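Accompanying notes for the structure given below.
Below, each value reflects all heavy atoms present in this structure, side chains not excepted, and no hydrogens, waters or symmetry copies. Sequence lines set the chain letters: A, B, ... in the order given, protein chains first and strands last, and positions in each chain run from 1. Because the structure is a prediction, the values reported are computed rather than measured.
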Protein chains: 2
Amino acid sequence: MSRSLARENTRLELSRHAARLFLERGVSDTSGDDIAAAAGVATRTVWRHFRSKESAVEPLFAHSSLRFAAILRRWPRDVAIEDLFHSTLGPDKMAPQDLADDILVVRLLARLPEEPALRAAWLMSCHIGEEQLIELIAERLDRPQGDFDVRLCAATVMAAIRIVDETVSLAAVKYGLKTTTAEVNEHLAQAIRKASTLPFCDPVTPRIWPDGKLMPASV
Amino acid sequence: MSRSLARENTRLELSRHAARLFLERGVSDTSGDDIAAAAGVATRTVWRHFRSKESAVEPLFAHSSLRFAAILRRWPRDVAIEDLFHSTLGPDKMAPQDLADDILVVRLLARLPEEPALRAAWLMSCHIGEEQLIELIAERLDRPQGDFDVRLCAATVMAAIRIVDETVSLAAVKYGLKTTTAEVNEHLAQAIRKASTLPFCDPVTPRIWPDGKLMPASV
DNA sequence: CAGTATATGTCACTTAGTGACATATAAAAT
DNA sequence: ATTTTATATGTCACTAAGTGACATATACTG
């Protein structure tokens, strides 16, 4: 765990510049030098942070996915997934920087069909997301993380999230389709629900106090 | 569609050499020159076939996945997936070269945890497989390929196949676990069945002759 | 057999990415 | 307060990845 906050920030900042340049001129017309220049650092710094040019967008993807994971981790056990999304997801509930990041992500996803290099980075980020989901599902259903069924469920759920993200992004950017937050949330929740091979979307194993009373969700 | 058989063969042959070298010395200690030398071609030829060093293994992955897809495409509509696998999958039903290819794939998959570059290639190959599944499921359930639910189902099913492949490979190579063909088939069929969000695993819409009789599976 | 398309070879070139060492900055130890 | 110590970055020479341009071989087409 590299825990320098400053370092992570530089990394993310570089990632934002890379994403912007990739969108403006395409991946192949953006060099490591360009990214460095845009961020005002030495070229060498770029290669210290990223193992390849394309992977420079991964921190941006990861950052979005981490915020989503954080929401899931605070998910009270007695709440259904639709209600969770309804009360926690939406542009009005985000910091401006996070919103800007998500817009960048959406525009990148809309480019996946033309930019295979971006797709590789996106799929790698989804793999990280999948590993986070393993933790979440294992904990939520009281199963070990190595459990095959837990891993299977995490993979199918992550696949659902990925497909919704890709679909919504493409619809928004390429076809100018305006979807409301409520619709996207509904869409996402339904897709996850259909995809999940284990029942972790509905209220799960409400925890009981020693005295037999129901433990409130906030605990 | 580039349809030169010879070209595809060169490509696949290069891919096999790349895979072998990656396994022997690791990805970072294998150069484009090494791959070219091993295959007995000019270095330039390597870069004509692959956009990057790591992507050199994709044709090998794709080749395995194409054979699997071919089996699925011949899947009679009135047969359940377990029975299909039981009657068509297994080392005894494969050409020796195809078996050797699959062994290479299994050994590569066992390396995914240490070799992120290979994982990116693997995930890209799974993406190709996902697109093939879209065609299959759309056709099998008489739905359009653009249908969101078809795409969702393809993604979750491909995720299941991926997880089984990764799990079985890791178990076999790292932990020396011997699994019988029957067990793997069973495992795979169950995972796909659990993962599928649309009912395409069971006999689907048995087709009816104009005279009202059932159309045999072989048609 | 001439003509055309495609795959590869050769080689100079650009861009991606690393190794080694110097410098800055800030927290920890004295 | 000052000296360690650790970590992030800058500088620069270098290796490896990947491309452009042109020549040659091989194979299909009329």
Protein-nucleic acid N or O pairs under 3.5 Å, nucleotides 23-28 of chain C:
none

In whole angstrom, give the distance that lies between atom [atom1] of [X] and atom [atom2] of [N].
X	N	atom1	atom2	answer
B:Asp29	C:dT18	CG	C1'	13 Å
A:Asp33	C:dA16	CG	P	7 Å
B:Glu8	C:dT6	CD	C1'	13 Å
A:Lys53	D:dT19	NZ	C1'	12 Å
A:Glu13	D:dA8	CD	P	17 Å
A:Glu54	D:dA17	CD	P	14 Å
A:Asn9	D:dT9	CG	C1'	16 Å
B:Arg7	C:dA5	CZ	P	17 Å

Item to check | Where B:Ser196 and B:Thr156 come nearest, the two heavy atoms and their spacing | outcome: CA-OG1, 4.3 Å

Checklist entry - Looking only at heavy atoms, what is the nearest atom pair of B:Leu198 and B:Asp149, with distance? => result CD1-O, 3.6 Å

Checklist entry - Under 4.0 Å between a side-chain N or O of B:Thr10 and OP1 or OP2 of C:dA7? => result no

Item to check | Heavy-atom check, side chain of B:Arg111 versus side chain of B:Arg119, under 4.5 Å | outcome: no

Checklist entry - Taking the side chain as C-beta and beyond, is there a heavy-atom pair between A:Ile192 and A:Phe85 under 4.5 Å? => result yes

Checklist entry - What is the nucleic acid contact for A:Ser55, judged by heavy atoms within less than 4.0 Å: base, sugar-phosphate only, or nothing? => result nothing

Checklist entry - If you look at every strand shown and take non-hydrogen atoms under 4.0 Å, does A:Ser28 touch a base, only sugar-phosphate, or nothing? => result nothing

Checklist entry - So among B:Leu14, B:Leu12, B:Val41, which one has a side chain to side chain contact (heavy atoms under 4.5 Å, CB included) with B:His49? => result B:Leu14

Item to check | Nucleic acid contacts of residues 42-52 of chain B, taken as heavy-atom distances under 4.0 Å to DNA chain C | outcome: B:Ala42, B:Arg44, B:Thr45, B:Arg48, B:His49

Checklist entry - In terms of side-chain geometry, is the basic nitrogen of A:Arg151 or A:Glu131 positioned less than 4.0 Å from the acidic oxygen of its partner? => result no

Checklist entry - Can a salt bridge be assigned to the pair A:Glu24 and A:Arg107 using a cut-off of 4.0 Å between side-chain N and carboxylate O? => result no

Checklist entry - Does NZ or CZ of A:Arg162 fall inside the cone over A:Trp122's six-membered ring, less than 6.0 Å from its centre and within 45° of the axis? => result no

Checklist outcome for this item: So CZ of A:Arg48 and OG1 of A:Thr43: to nearest 0.5 Å the spacing works out to 11.0 Å

